[in-house]
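Worksheet: one structure, shown below.
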There are 2 protein chains.
Amino acid sequence: MSHTLGIRQAQKQKTRQALLDAALGLLEEQSLSSLGLREVTREVGVAPTAFYRHFRSTADLGVALVEEALGSLHPMIRTIVASAGDSDQRIERAVELIARHVETHPAHVRFIARERHGGVQSVRAAIQGQLAQFAEEVKVALTKDPVSYGWTDDDLLMLANLYVDQMLMTASLFLDALEAPLEERQRVAQVATSRMRLISIGREHWLE
Amino acid sequence: MSHTLGIRQAQKQKTRQALLDAALGLLEEQSLSSLGLREVTREVGVAPTAFYRHFRSTADLGVALVEEALGSLHPMIRTIVASAGDSDQRIERAVELIARHVETHPAHVRFIARERHGGVQSVRAAIQGQLAQFAEEVKVALTKDPVSYGWTDDDLLMLANLYVDQMLMTASLFLDALEAPLEERQRVAQVATSRMRLISIGREHWLE
DNA sequence: CCATGCAGTTAACAACTGTTCTCTGGAATT
DNA sequence: AATTCCAGAGAACAGTTGTTAACTGCATGG
């Protein structure tokens with residue numbers, strides 16, 4: 001049901017995407033607040049003024065990057081949350097999924113980790129918004145779990161946020177170990193699994 | 001036993017500190033990777049070239065800021081860790097201490113949260129080093145706790161790191177709520193306490 | 001008291017930045 | 001086929017950046 005774009009709009013989206021990709025690449029070695037618009041257009045091979053046809057500023061581009069990065073993460077969350085099996089199996093699968101996502105989208109993960117507390121207000125707000133949405137989604141899933149019987153709404157949201165934060169921390173740890181030997185990456189996976197397991201144990205005994 | 005500095009060295013340290021303070025102020029609205037040396041010297045009211053008498057680059061200044069920011073945090077960690085009382089009392093006291101620290105050193109906390117995953121390699125490394133030191137310290141304290149009997153060394157370190165990360169996340173949450181009404185800040189304290197408590201519960205049932 | 005050291009100044013540099021206005025070629029519309 | 005639209009190019013702007021070199025004045029150590 002996708003409407004085929006005209007040659008015109010297709011070209012535009014193409015250079016827009018090229019700008020986003022170039023920016024994402026440049027952001028591996030700096031923060032958004034130091035990213036220059038000329039830097040980006042130079043990388044793409046386009047005139048500096050062309051930038052304005054797509055974004056008002058680099059901050060604006062940053063917000064677009066947030067949607068791209070966290071949009072691709074959305075389906076992953078659903079997969080983890082919907083996964084069956086006992087607690088330990090689900091945790092191992094979640095860690096495995098996160099590791100895969102970091103391997104296939106390292107720049108996206110780095111961007112989010114970096115700009116979550118970064119120097120650009122609007123981007124921080126965009127990330128916080130998306131993460132709050134994730135937490136809400138996780139919370140809904142948790143509510144359906146029989147383990148959550150008797151939990152208050154606030155505590156469920158607290159736990160959901162804890163899971164989301166944990167997911168990001170794990171992703172960031174995997175990112176740091178991306179170039180490291182397999183042994184090191186396995187150690188990271190081991191630690192991440194233990195963290196999740198400890199939280200799950202706390203969850204099971206919460207109401208005592 | 002402090003050696004009284006000559007007029008000369010005293011003046012030097014004074015402007016050095018002024019540079020650090022000015023930088024910290026400017027970093028509330030941007031990231032280190034976009035902080036210019038001229039920007040800092042202008043703020044202090046000193047010639048741009050004077051900067052080089054104290055730091056090789058802004059990245060170098062960033063590393064110095066890490067030591068200042070996390071150095072002041074060191075005693076706080078000890079206080080929390082050495083605190084007596086049952087689990088819930090200790091947690092409440094810890095959250096209270098973190099809240100106070102954020103109120104008295106907001107810029108330091110923001111700087112660490114921002115640059116922990118920021119765009120400047122050397123600063124990231126410095127932060128990671130200090131945090132690893134904190135975790136080691138927490139681990140030693142945990143080892144002495146009877147609750148830890150039977151725990152492996154790896155699991156103790158895992159828990160210690162979890163606590164350290166949690167401390168930072170809590171601090172960051174308090175930071176976001178600094179200007180918010182009391183009611184909001186109390187909600188943050190409530191959530192932080194719950195998180196810590198859940199982790200503690202997980203810890204108590206870890207060996208089952 | 002005089003010579004040395006060194007924190008901070010002054011001036012100048014080439015390179016870079018974001019933003020403006022004007023222009024152009026080709027797709028889209030009529 | 002004629003007209004409008006608009007993504008991108010080009011040139012120019014005032015202002016900024018990091019870094020250099022040579023200086024000045026004052027605290028320091030002999």
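Labels below follow one simple rule: chain letters A, B, ... track the order of the sequence lines, proteins then strands, and each chain is numbered from 1.
The interatomic distance linking A/Arg8 (CZ) with D/dT4 (C1') rounds to 10 Å, in whole Å. The nearest whole Å value for the distance from the CZ atom in B/Phe51 to the P atom in D/dT17 is 13 Å. When the C1' atom of D/dC23 is taken as reference, atom CZ of B/Arg53 falls 11 Å away, rounded to whole Å.
The pair B/Asp176-B/Arg185 fails the salt-bridge criterion, with no side-chain N (NZ, NE, NH1 or NH2) lying under 4.0 Å from an Asp/Glu carboxylate O. Salt-bridge formation is not detected for the pair A/Asp155/A/Arg203: no Lys NZ or Arg NE/NH1/NH2 atom is positioned less than 4.0 Å from an Asp or Glu carboxylate oxygen. For the pair B/Arg110 and B/Glu28, the salt-bridge criterion is met [side-chain N within less than 4.0 Å of a carboxylate O].
Between the side chains of B/His74 and B/Glu137, at least one donor N or O lies within less than 3.5 Å of an accepting N or O. In summary, the side chains of A/Glu39 and A/Gln30 do present a donor paired with an acceptor at a separation below 3.5 Å, with no hydrogens or angles considered.
Residue-level contact check: B/Ala47 touches the bases, meaning some heavy atom is under 4.0 Å from a base atom. When heavy atoms are screened at a 4.0 angstrom cut-off, B/Arg16 is found touching no nucleic acid atom at all.
Under the side-chain contact (heavy atoms from CB on, under 4.5 Å) rule, A/Val109 has a single partner from A/Leu168, A/Leu175, A/Thr104, which is A/Leu175.
Nucleotides of DNA chain C with any atom under 4.0 Å from a heavy atom of chain A span, from 5' to 3', C/dT17 to C/dA28.
More than 12 heavy atoms of other shown residues, nucleotides or ligands fall within 6.0 angstrom of atom CD in B/Gln17.
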Produce the list of close N/O pairs, under 3.5 Å, pairing protein atoms with atoms of nucleotides 19-21 of chain D; give distances to one decimal.
unit_1 : atom_1 : unit_2  : atom_2 : d
D/dT19 : OP2    : B/Tyr52 : OH     : 2.7
D/dT19 : O5'    : B/Tyr52 : OH     : 3.2
D/dT19 : O4     : B/Arg38 : NH1    : 3.3

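Checked against side chain to side chain contact (heavy atoms under 4.5 Å, CB included), A/Ala141 has the following partners two or more places apart in sequence or in another chain: A/Val81.
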